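Since the model is a prediction, treat every value here as computed from it, not as a measurement. Within every chain, numbering begins at 1; the chains are lettered A, B, ... in the order of the sequence lines, protein sequences first and strands thereafter.
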Amino acid sequence: MIYKCNEVLPNKFTYPFVIKAAAELMDRRVGEVVHGMAVKMSLGSDVFILNSLIHFYESCGCLDSAYRVFLNIPVRDVVSWNSMITGFAQGDRPDEALKLFHEMQGEGFRPDEVTMMSVLTACTKKLDLEVGRWVHSNIENGIRGSLNLNNALVDMYVKCGSVEDAQKLFDKMPEKDIVSWTTMLVGYARSGHYITARRHFESMPSQDIAAWNALISACEQSGNAKEALAIFNELQALEMFSCSDDKDVFVWSAMIAGFAMHGHGRDAVELFKKMQESNIKPSGVTFTNLLCACSHTGLLQEGRYFFKKMEPVYGITPGIKHYACMVDMLGRAGHLEEAISLIKSMPMPPLASVYGALLGACKLHGNVEVAEQASARLLELEPWNHGAYVLLSNIYAKSGKWDKVANLRKRMKDIGLKKEPGCSSVEVNGTIHEFVVGDNTHAQSKLIYGKLNEVFETLKSNGYEPNRSQVLQCVEEEDMQEQALHLHSEKLAIAFGLISLTKSQPIRVMKNLRVCRDCHNVAKMISKVYDREILLRDRFTFQVREKF
DNA sequence: TTAGGGTTAG
C-alpha cells in the first residue's frame, strides 16, 4: 500500500498520518518500514515524525524501542515527553513515568493537561495516594483544571482508596458528566458504602449501563446478593442491553462474579445461559467468573464442560486464570491427579496462583506428597511467600509430621521469614482501627474485651462452640485455646465495631491474612443474634474481586 | 497550508 504511493512522494506532513494508522493497526512491520523510509528521506530527526513513532512503538508493546526513539530526538517538545510518559504509565512502568515527569520539569518544560493525565495514570497504577495528592496540588496551582482532568483525579482517588478525597473534589467540580458521576459511584461501591451508592445513583442526571453495573457491584460488595439480582432484573426489564455494546458483557460478567462470590454457582450457570439467549458474547472474564462460580459451589461437571467448550464454541483461548480456576476446582473436589495433569498440559508456564490452588487442595485433602511438590514449585517462583510455608507447615502438622514442621520452621528462620502476624482493621467514622492477635494497645481496650466476653456468653447460650482446629497446633491447654480463639484479631475488630457503630452502620472488617473459620462462624452468629450487618473480608477475597 | 500525545466501569 505504501509503496504504491510513489507517484506523489510522501513529505514530512504525510508520515505522522501513516505512522498513526500503523499504530492503530498495531502492525509492527508497516511501522518499521515507514520508519526506515523516513530515515532515508532525511526526516530521521523530525520531531513530529519521531513523536508519532514513539506512540507507534508503544502501541505495539515495544516500550524499549519507543524509549530509544525518544532518546534520539535532537530537540524534544512537550509532546515528546508526554508520549513517552504515557507509554510508561500505560505499560505498567509507572516509576519510570514519574521519573520522566521529574526530568521533564528539570529541563524546564511546562507540563500540560495531557502530561498530568498520564502522570495520574502512573499514580493510579502505583496506588500511590501521596504522589496523587501532590499531582492534584500541582494542577490546582498551575494547569487549569478541566473536566477530564478532574475525572481522572476522582478516579485516582477512588483507585488509591480515598473516597473522602474523591468526594471532596467531586463536590466542588464546576462541571460534571456521566463519567464523573459513575467514577464516584464506583468509589462508593469499592468502599462498601451501599446506601450512599444507591442515593448517588438515584441523583444522577442520567444513568448508562456502566452506572447500573457499578450499582450492582456496590450491592454485591455489601453482601446483598438478592438485591443485586433484583437490580439486574430491573435493568433487563429496561431493555438497556444492545448486542453491540461491549459494556453489556461487563454487567453480565459482574453479575456472574457476584453469584460466584456468594457461593451461588447454580444461579451463575443459569445467568450464563440467559446471557447466551440474549445474544451477548461472553468474554474471557465471563469465563473466569463462571469457572470460579463452578469451583466455589463444587459444580465439577459443569466446570469441566464450560472449560472444554471455551475455545471451540466461544473462540476464547483459556488463559492462566482459567487454568488456575480449573486447578482449584479439581483440587477442591479431590481430583488431585487430574489437577496435576492439567498443570502439566498448560501451554504457558504456571504462575504461583496455580500451585497455590493445588497446595490449598492438598490442605483440604491432607495430601502431604503432592503438597511438598506444589510448595516446592511455588517457592521456586516466590521464595518469599510466607503463605506457602505456613500452609505446608499446617499440612505436616495435620498429619502428625512434627519433625517436618520443625524442619520447616528452621528453614523459614534461616532465610529470615517470619509468619506474618494476623491483623484486622475496622473503619469507624473515617478512621481505620487496626488490631493484631491479643491486642491491648487500643485506647478502648478494656471496653473491647468487656464486649467480647459479653458476646461470647451470649453466643454460648445460643449454642456456639469454638472451632479449635486452627489453634490446636500451638496451644495445648484447653482454657488457653479458648483464650487464643477469643483474641483473634478479627474478633477484636468486630467487638470494637459493635461498641462504636450504630445499628444501621455495617461493621466492615478487613484482614491481611485469610479469615479463620471460627471467626466466620462468630461473625455469622453475631450478625444473627445481635441483628447487625457484619462484612468480613480478607485480602484474598479482595484479590478475587479485583481479578474478575 | 498540511502533522504528533490523554480520561471512566469486570
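A salt bridge between A:E490 and A:K511 is present, with a side-chain N of the basic residue lying under 4.0 Å from a carboxylate O of the acidic one.
Per the geometry, CG belonging to A:D155 stands 13 Å off C1' belonging to B:dG6, to the nearest Å. Protein atom CZ of A:F48 is 10 Å distant from nucleotide atom P of B:dT2, rounded to whole Å. In this entry the distance linking CG of A:L147 with P of B:dG6 reads 18 Å, nearest Å. Remark: P of B:dT8 and CG of A:N151 are 10 Å apart, rounded to the nearest angstrom. Rounding to whole angstrom units, CE of residue A:M104 and P of B:dG6 are separated by 14 Å. The separation between A:I54 atom CD1 and B:dA3 atom C1' is 15 Å, rounded to whole Å. Per the geometry, NZ belonging to A:K159 stands 11 Å off C1' belonging to B:dG10, to the nearest Å. In this entry the distance linking CG of A:L153 with C1' of B:dT8 reads 13 Å, nearest Å.
Out of B:dG6, B:dT2, B:dT8, the shortest distance to the side chain of A:V114 is found at B:dG6. Comparing B:dG6, B:dG10, B:dT2 against the side chain of A:N11 picks out B:dT2 as the nearest. Relative to the side chain of A:S118, the nucleotides B:dG6, B:dG10, B:dT8 differ in distance, and B:dG6 lies closest. Nearest nucleotide to the side chain of A:F17, out of B:dA3, B:dG10, B:dG6: B:dA3.
Of the residues in residues 120-131 of chain A, none lies under 4.0 Å from DNA chain B by heavy-atom distance. Within residues 305-313 of chain A, no residue has any heavy atom under 4.0 Å from DNA chain B. Applying a 4.0 Å cut-off to non-hydrogen atoms, the residues of residues 173-189 of chain A that approach DNA chain B are A:V179, A:V186, listed by residue number. Proximity of residues 86-99 of chain A to DNA chain B (heavy atom under 4.0 angstrom from any strand atom) is restricted to A:T86, A:Q90.
Using a 4.0 Å heavy-atom cutoff across all strands shown, A:K12 reaches at least one base atom of the nucleic acid. Contacts of A:N148 with the nucleic acid, taken as non-hydrogen atoms under 4.0 Å apart, include base atoms.
Annotation: ring-ring contact (aromatic ring centres under 6.0 Å, His included) contacts of A:F48 (sequence neighbours excluded): none. For A:F307, the ring-ring contact (aromatic ring centres under 6.0 Å, His included) partners at least two apart in sequence or on another chain are A:Y323. Residues forming a side-chain hydrogen bond (donor to acceptor under 3.5 Å, both in side chains) with A:Y157 (at least two apart in sequence, or on another chain): A:H136. Looking at residues two or more places apart in sequence or on another chain, you find no ring-ring contact (aromatic ring centres under 6.0 Å, His included) involving A:H193. By the side-chain contact (heavy atoms from CB on, under 4.5 Å) test, A:R199 is found to be paired with A:I195, residues two or more places apart in sequence or in another chain being considered. Taking A:Y314 as the reference, A:F272, A:F287 meet the ring-ring contact (aromatic ring centres under 6.0 Å, His included) condition, with sequence neighbours excluded.
Between A:N150 and A:L153, some side-chain heavy-atom pair lies under the 4.5 Å cut-off.
Remark: aromatic rings of A:F88 and A:Y67 are close, center separation under 6.0 Å. Ring centroids of A:W252 and A:F232 are separated by less than 6.0 Å, placing the two rings close together. Between A:F101 and A:W81, the ring center distance fails the sub-6.0 Å criterion.
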Exercise. Can A:R198 and A:E202 be said to form a salt bridge (Lys or Arg N to Asp or Glu O under 4.0 Å), step by step?
Worked result: CA-CA 6 Å; A:R198 177 97 230 182; A:E202 278 157 9; 2.9 Å; yes
For this session: Apply side-chain hydrogen bond (donor to acceptor under 3.5 Å, both in side chains) to A:T286 and A:S283, showing your working.
Result: CA-CA 5 Å; A:T286 317; A:S283 69; 3.2 Å; yes
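Centre separation under 5.5 Å together with a plane angle under 30° does not hold for the ring of A:F13 and the six-membered base ring of B:dA3, so they are not marked as stacked.
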Check: residues 90-100 of chain A side-chain donor-acceptor pairs under 3.5 Å, at least two apart:
| residue | atom | partner | partner atom | Å |
| --- | --- | --- | --- | --- |
| A:R93 | NE | A:E96 | OE1 | 3.0 |
| A:R93 | NE | A:E96 | OE2 | 3.3 |
| A:R93 | NH1 | A:D64 | OD1 | 3.4 |
| A:R93 | NH2 | A:D64 | OD1 | 3.3 |
| A:R93 | NH2 | A:E96 | OE2 | 2.9 |
| A:D95 | OD1 | A:K126 | NZ | 2.6 |

Validation: residues 178-187 of chain A side-chain donor-acceptor distances under 3.5 Å, sequence neighbours left out:
| residue | atom | partner | partner atom | Å |
| --- | --- | --- | --- | --- |
| A:S180 | OG | A:N151 | OD1 | 2.8 |
| A:S180 | OG | A:D177 | N | 2.8 |
| A:S180 | OG | A:D177 | O | 3.2 |
| A:S180 | OG | A:D177 | OD1 | 2.8 |
| A:T182 | OG1 | A:I178 | O | 2.7 |
| A:T183 | OG1 | A:V179 | O | 2.6 |

